[in-house]
There are 2 protein chains.
Amino acid sequence: MSERIPEVVVRRLPIYARALGQLEARGVAVISSLDLGRLLGVTPAQIRKDLSYFGEFGKQGTGYDVAHLKREIRRILGLDREWRMAIVGVGRLGRAIASYPGFASEGFRVVALFDNDPAKIGTTIGDLVVRSMDELAKVAADERIDIGIVAVPADQGQEVVDKLVAVGVTGLLNYAPITISVPPHVRVRDVDPVVALQSMTYYLKHSGPDDPAS
Amino acid sequence: MSERIPEVVVRRLPIYARALGQLEARGVAVISSLDLGRLLGVTPAQIRKDLSYFGEFGKQGTGYDVAHLKREIRRILGLDREWRMAIVGVGRLGRAIASYPGFASEGFRVVALFDNDPAKIGTTIGDLVVRSMDELAKVAADERIDIGIVAVPADQGQEVVDKLVAVGVTGLLNYAPITISVPPHVRVRDVDPVVALQSMTYYLKHSGPDDPAS
DNA sequence: ACGCGATTGTTAATCCTATCACAATCGCAC
DNA sequence: GTGCGATTGTGATAGGATTAACAATCGCGT
Ligand SMILES: NC(=O)c1ccc[n+]([C@@H]2O[C@H](COP(=O)([O-])OP(=O)(O)OC[C@H]3O[C@@H](n4cnc5c(N)ncnc54)[C@H](O)[C@@H]3O)[C@@H](O)[C@H]2O)c1
Ligand SMILES: NC(=O)c1ccc[n+]([C@@H]2O[C@H](COP(=O)([O-])OP(=O)(O)OC[C@H]3O[C@@H](n4cnc5c(N)ncnc54)[C@H](O)[C@@H]3O)[C@@H](O)[C@H]2O)c1
């Protein structure tokens with residue numbers, strides 16, 4: 001342990017944690033890397049190697065304690081605390097996100113909403129008031145904001161990103177269909193179903209309409 | 001060219017195409033791998049190598065014709081035609097997707113909606129009628145369905161996936177927070193903002209509240 | 001208390017991906 | 001028309017990531 005951790009490994013941990021949670025809910029107490037691998041479509045060696053970067057969590061001859069491993073992975077990822085998020089852009093998408101229960105239930109709390117449309121500023125969504133972009137610095141100082149969610153049109157995305165970074169936000173979840181540019185200490189995750197589809201079609205196209213091979 | 005194409009390369013092509021589209025809209029006619037790389041945060045060598053798998057698209061000393069390269073990449077990806085999609089699960093998310101203009105404008109057309117809730121079956125969303133799951137096979141035979149969108153609760157996800165695969169759908173866009181299992185000829189893309197956030201927190205946690213380094 | 005089947009943690013080998021570096025060649029200036 | 005700065009396409013190289021393989025060791029049954 002305590003080497004440098006490859007980013008691919010970190011990206012797989014939430015998948016492991018999620019599967020362990022579902023196993024836990026089904027009453028499974030212990031699981032081997034072989035079975036977990038089958039469930040997730042990865043090799044057991046990969047699971048063991050990934051976990052070995054962080055410590056020893058299993059028992060030889062037995063496997064992993066589901067509840068314990070899940071808790072450990074969540075701790076490693078920093079999911080044993082609350083993360084505070086602000087949404088910028090309260091249009092159709094922004095509003096949907098603001099009231100999506102899937103974030104809060106995983107410890108991601110939306111604590112502020114911003115927009116630059118005077119018609120929207122001052123309105124409430126759930127129990128939050130939509131604020132002006134002018135208030136961004138002030139609100140960021142009062143409420144701690146860990147993560148900014150970008151939900152504005154593409155041509156406004158970079159500008160909004162710059163403003164969020166300027167007030168100290170170091171994590172961004174970007175829904176706009178653009179590649180945003182940030183200083184090296186800021187982390188970005190993109191959510192773009194269209195881009196996902198656009199790489200899938202390459203393979204759909206190359207296996208003909210009725211070609212089960214490959 | 002005509003080697004086996006690494007999947008990572010295919011996944012980058014839509015990003016290139018998207019950036020080229022935005023450059024085109026801004027009136028840029030020609031761009032070098034150096035400048036495109038700067039824009040996207042990748043090395044120019046990577047862009048050139050990626051493209052070299054598919055042919056020669058640039059001019060030495062000059063760079064790439066923006067409009068031409070975009071068209072070529074889109075052709076490679078199979079984006080020079082329409083793709084037909086069916087949404088399964090017309091709840092909050094499914095309804096939002098059904099009326100999201102970002103799919104249609106990129107050639108991804110939603111052609112059918114399915115749900116298993118009698119209260120929803122028969123209602124209309126936009127110009128589509130919500131159909132019963134019993135009609136899935138029939139509709140798939142009539143309308144061609146290239147891609148299935150999974151927008152049902154997690155515990156129903158695998159079941160819905162199996163039904164879609166059974167009627168011949170070979171591409172899936174999965175919004176449910178589960179790892180789905182499919183035969184090898186079926187392609188899957190997951191859209192899960194929570195999983196994205198959960199790997200980001202690892203890095204947010206490890207660079208302290210006021211640590212600009214790394 | 002001992003042996004055995006199971007399964008981990010880890011080292012070594014393989015495979016894959018990204019970068020480097022440069023010959024080939026383009027357009028333009030003069 | 002020649003020379004020069006710019007930029008591509010690619011073979012070689014370095015750097016990562018995945019898989020294979022096995023010694024270490026656990027729990028259980030007797
Ligand atoms: N990734 C996805 O799954 C997904 C899905 C839908 C939409 N989108 C994208 O999300 C973005 C928003 O989509 P939408 O349908 O909600 O659009 P929308 O037009 O309904 O909403 C955009 C909102 O942003 C606000 N806004 C505009 N410029 C702003 C600025 N500079 N500062 C603050 N607020 C600003 C507008 O007032 C508006 O309320 C778009 O980029 C769209 O492409 C992504
Ligand atoms: N990835 C994302 O960005 C994102 C965002 C929001 C929700 N989600 C996920 O999408 C899914 C749907 O979320 P939602 O908020 O729309 O839930 P919802 O309960 O509002 O809608 C689910 C719909 O699926 C239908 N359904 C249930 N079982 C079905 C079955 N077996 N066959 C056909 N239809 C069935 C229900 O009748 C309902 O209409 C959930 O898994 C949720 O976690 C993902």
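Below, each value reflects all heavy atoms present in this structure, side chains not excepted, and no hydrogens, waters or symmetry copies. Keep in mind that what you see is a predicted model, and the values were worked out from it rather than measured.
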A.B. asks: Quick one: are B:V88 and B:I149 in side-chain contact, heavy atoms under 4.5 Å?
C.D. replies: no
A.B. asks: Select one nucleotide: of D:dG9, D:dT19, D:dA21, the one nearest the side-chain heavy atoms of B:R48.
C.D. replies: D:dG9
A.B. asks: Return the value, rounded to whole Å, for the distance between atom CG of B:L13 and atom P of C:dT17.
C.D. replies: 14 Å
A.B. asks: A:L34 has an atom CG; how far is it from atom P of D:dT19, in whole Å?
C.D. replies: 14 Å
A.B. asks: Starting at atom CG of B:D65, determine the distance to atom C1' of C:dC26, rounded to an integer number of angstrom.
C.D. replies: 15 Å
A.B. asks: How long is the line joining NZ of B:K49 and P of D:dA12, in whole Å?
C.D. replies: 11 Å
A.B. asks: Think A:Y64 has a side-chain N or O under 4.0 angstrom from the OP1 or OP2 of C:dG9?
C.D. replies: yes
A.B. asks: Could you point out which residue of B:R84, B:R187, B:R81 forms a salt bridge (charged side-chain N to carboxylate O under 4.0 Å, His left out) with B:D146?
C.D. replies: B:R81
A.B. asks: Tell me which nucleotide among C:dT17, C:dT10, D:dG9 gets nearest to the side chain of B:E56.
C.D. replies: D:dG9
A.B. asks: Starting at atom CG of A:D50, determine the distance to atom P of D:dG16, rounded to an integer number of angstrom.
C.D. replies: 17 Å
A.B. asks: Consider the side chain of A:K59, meaning its heavy atoms from C-beta on, and name the nucleotide among C:dC20, D:dG27, C:dT17 that approaches it most closely.
C.D. replies: D:dG27
A.B. asks: Please say whether the positively charged group of A:R131, taken as NZ for Lys or CZ for Arg, lies over the ring of A:F114, i.e. under 6.0 angstrom from the six-membered ring centre and within 45 degrees of the axis.
C.D. replies: no
A.B. asks: Would you please confirm or rule out a distance under 4.0 Å between OP1 or OP2 of D:dT19 and any side-chain N or O of A:T43?
C.D. replies: yes
A.B. asks: Please examine the side chains of B:P101 and A:R92, heavy atoms only from C-beta on, and report whether any two atoms are closer than 4.5 Å.
C.D. replies: yes
A.B. asks: Could you tell me whether A:R18 and B:D192 make a salt bridge, using a distance below 4.0 angstrom between a side-chain N and a carboxylate O?
C.D. replies: yes
A.B. asks: Round to the nearest Å and state the distance from A:Q46 atom CD to C:dT10 atom P.
C.D. replies: 17 Å
A.B. asks: Is there, by distance only and without an angle test, a donor paired with an acceptor across the side chain of B:Q60 and the base of D:dT7 below 3.5 Å?
C.D. replies: no
A.B. asks: I need the CD1-P distance between A:I47 and D:dA20, as an integer number of Å.
C.D. replies: 14 Å
A.B. asks: Quick one: is C:dT17 close enough that its OP1 or OP2 comes under 4.0 Å of any side-chain N or O from B:R11?
C.D. replies: no
A.B. asks: Of the candidate nucleotides D:dT7, D:dA12, C:dT8, which contains the atom at the shortest distance from the side chain of A:S33?
C.D. replies: C:dT8
A.B. asks: Is any side-chain N or O of A:T62 closer than 4.0 Å to OP1 or OP2 of C:dT7?
C.D. replies: no
A.B. asks: How close or far is atom P of D:dT7 from atom CG of B:L51, stated in whole angstroms?
C.D. replies: 16 Å
